[in-house]
K.L.:
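Can you read through this structure? Questions will come right after.
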Protein chains: 2
Amino acid sequence: MNLKELAEELHLSQTTVSRALNGYPEVSEKTREIVLAAAQRFGYRPSPAARRLATGRAHALGVVFNAERNALMDPLFVEYLAGVAEVSAKQGFDILISPSTPRDEIATFGRLARDGTVDVVILSAPLIVDARISLLSELKFPFVVHGRPPEPAGVSYIDIDNFGAFQQATSFLIQLGHRRITLINGEEHFTFAQDRSHGAAIAFAAAGLPKNMLEEHFMPMTAENAYRCARQALESDERPTAFLCGSILVALGVLRAAAELGLDVPRDLSIIAHDDEMPAFPADQFHPQLTTTRSSIRAAGTRVAEMALARVAGQKPGTVADVWPVQLIVRGSTAAAPERG
Amino acid sequence: MNLKELAEELHLSQTTVSRALNGYPEVSEKTREIVLAAAQRFGYRPSPAARRLATGRAHALGVVFNAERNALMDPLFVEYLAGVAEVSAKQGFDILISPSTPRDEIATFGRLARDGTVDVVILSAPLIVDARISLLSELKFPFVVHGRPPEPAGVSYIDIDNFGAFQQATSFLIQLGHRRITLINGEEHFTFAQDRSHGAAIAFAAAGLPKNMLEEHFMPMTAENAYRCARQALESDERPTAFLCGSILVALGVLRAAAELGLDVPRDLSIIAHDDEMPAFPADQFHPQLTTTRSSIRAAGTRVAEMALARVAGQKPGTVADVWPVQLIVRGSTAAAPERG
DNA sequence: TCAAACATCCAAAGCGCTTTGAACACTGGG
DNA sequence: CCCAGTGTTCAAAGCGCTTTGGATGTTTGA
């Protein structure tokens, strides 16, 4: 059943029925009720395609899915998506996943913006120099960012306090007596990796420790990369007594390296990992249970979706700039630094 | 630039331009070339919304995202989605993610089918009694299934040989001398869980072993559930010498339980896990490296997307019924059963 | 009492595409 | 020279909604 038929059924015009359904004021309450009841009774649902064509608005929200990047390192993505989905479902918004490779990512964004298949896009993991942000800004296409944009002015975003988290975690390790610490970070072109790096560096500086005691590696945060890196670090002459890990997956790799080398965690080696709360990999299900800096990626997903919808509803960009605190949760993977041998 | 403007620019009718662009035969090659060139030059892109309204086809493919189920146990989902995305991107199809909870999943499917926002839906993890399949069949809405449908007749699907995989894995353990084996399976209403269960049971029967030596547990396949289950099994009087795990995550939980109880893998305990090839969690990055039954969930994603697109192109349902073989990869988590003590 | 203001409702014009049914020009066979 | 057949193009009618610009009563203020 379409609008025309419904209108005929009610002996009303399409205009009135449409307005009644969409809550416009220029229709009396009586008729609105009648219309609403009839729509319900006949199971009328407006055609999204027609509405889209008529209004120019898609009632959809775009998420660019970088197949290579996400598949490689992001079981997180599901959690994030679940958060986004939860909110957008409530508002009746569709979620369009646009796949892309790193190479054609820009083109994908351009297409999304021009085609009008979505009203707003959500952009994740911003880079130090981010062509996607430049492009969307230039096209004046609505977008919101999950993570800290390189130029936050005029951009709505939500981020977790990566700086604070790693500063706190590093300070904690230093207090425990650790001096040689290895940070296994994400790739350095991500803003979050920079923030974490700064956090750790500041903690060292604050403790009056030389910065070369902090060994830092930037890489895609997979278990395997982490394993290789940790293995190499642990077999070197001056091996670290503690690791800071960018994710739970990284911690997994480090744990394996430690196990293979017969090192006990936390006796010989302390580990702190950042935990985005993947339900599939709870930090407290590891052995030993992991000390973490914790923040919910899912909650971030819901928040960023809310922001996106607000943006569609007309909110100005740059209105929101949330930075969420990150909590240090001490569990069994950290202990006082071993005596120097 | 829209079609009308482009047509005026070319001094042609919209009809001709539209047909030239869409490859219809009733337009001469010369004009087609001219039109194509002009479209290119002006950067003309047809409006998806208008096309959708006019044709009734959405050029989109729907994936229902069961937020609770997926978020809980499926980092796999990302890999799967990557596979789907890869194929659909090539054909210019959008992917629409429809979130739902288990409660409103049926309604979500109904809406998808009626709204015309997608041309076909992909359905994952079919159940023994699956209302989604019934609904879509009844509505005569195109769909394809990832997994074995309860009533395969007239349904296009692709599945991995869960039966064969678990039969093979179980036989292998039996050959190694294991007699008490615990299978940590997915929830029993899934067809895949049934198939795995049967595979293991048949292997026991074939070896002439009583079926009560196979202890089986059905549950959501999380590390934590697996941990609890394994812990309980390992502390019982007649503890198993081997575990069959429904996923890598399950294996993680079992490994933890073993570690806490001071059991060495594979000396005291053998483990085989089914591996869907999550790049984030390679089975060979565990300690010890895991013996697995392996199949690529990503490849399944690409295949099921191809099927979905074929279905849209007019292929009859039930045409495809792929069952992919699963390979047993022997690594370090399996060994001969320990001597009875 | 009349004009102005308001509250309701409507007809019709889009939105940008596809597709039907027809027109037109050009060929070759009779 | 005419007609059927073919190849090429077009005008116009949708697709199902929103929205503009009235039209039609109904009140209100002076």
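Order of the sequence lines sets the chain letters (A, B, ...), proteins ahead of strands, with each chain counted from 1.
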K.L.:
For Glu5(A) and dC17(D), what is the distance between atoms CD and C1' respectively, to the nearest whole Å?
P.N.:
13 Å
K.L.:
May I ask you to evaluate whether Ser18(B) reaches the phosphate of dC17(C), defined as a side-chain N or O under 4.0 Å from OP1 or OP2?
P.N.:
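Checking dC17(C) against Ser18(B), no side-chain N or O comes under 4.0 Å of OP1 or OP2.
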K.L.:
Could you pull out all residues at least two apart from Asp130(A) that satisfy side chain to side chain donor-acceptor pair (under 3.5 Å)?
P.N.:
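Arg132(A).
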K.L.:
Say you draw a straight line from CG of Asp115(A) to CZ of Arg45(B); how long is it, rounded to the nearest 0.5 Å?
P.N.:
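These two atoms lie 4.5 Å from each other.
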K.L.:
If I take atom CZ from residue Phe65(B) and atom OG from residue Ser100(B), how far apart are they, to the nearest 0.5 angstrom?
P.N.:
9.5 Å
K.L.:
Would you compute the distance between atom CG of Leu112(A) and atom CZ of Phe143(A) and round it to the nearest 0.5 angstrom?
P.N.:
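Going from CG on Leu112(A) over to CZ on Phe143(A), the span is 13.5 Å.
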K.L.:
Counting C-beta onward and ignoring hydrogens, is there a side-chain heavy-atom pair between Val35(A) and Leu21(A) closer than 4.5 Å?
P.N.:
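The answer is yes, as the side chains (C-beta and beyond) meet within the 4.5 Å cut-off.
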K.L.:
What is the distance, to the nearest angstrom, from the CZ atom on Arg57(B) to the P atom on dC17(C)?
P.N.:
18 Å
K.L.:
Enter the distance from Ile106(B):CD1 to Arg111(B):CZ here, rounded to the nearest 0.5 Å.
P.N.:
13.0 Å
K.L.:
Would you mind reading off the distance between Leu6(A) atom CG and dT18(D) atom C1', rounded to a whole angstrom?
P.N.:
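These atoms are roughly 15 Å apart.
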K.L.:
Between protein and nucleotides 9-16 of chain D, map the contacts as a letter string: B base, S sugar-phosphate only, - none, heavy atoms under 4.0 Å, written 5' to 3'.
P.N.:
BBBB-BBB
K.L.:
Measuring from atom CZ of Arg52(B) to atom CG of Asp94(B), what distance do you get when rounded to the nearest 0.5 angstrom?
P.N.:
6.5 Å
K.L.:
If you fit an axis to the five pairs at each end of the helix from dT1(C)-dA30(D) to dG30(C)-dC1(D), how big is the angle between those two axes, to 10 degrees?
P.N.:
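One end axis against the other gives 60°.
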K.L.:
Rounded to the nearest angstrom, tell me the gap between atom OH in Tyr24(A) and atom P in dA7(C).
P.N.:
18 Å
K.L.:
Please round to the nearest 0.5 Å and tell me the distance separating atom CG of Leu127(A) and atom CD of Glu187(A).
P.N.:
9.0 Å
K.L.:
Just the rounded figure in Å: distance from P of dG7(D) to CD of Glu29(B).
P.N.:
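In whole Å, dG7(D) P lies 13 Å from Glu29(B) CD.
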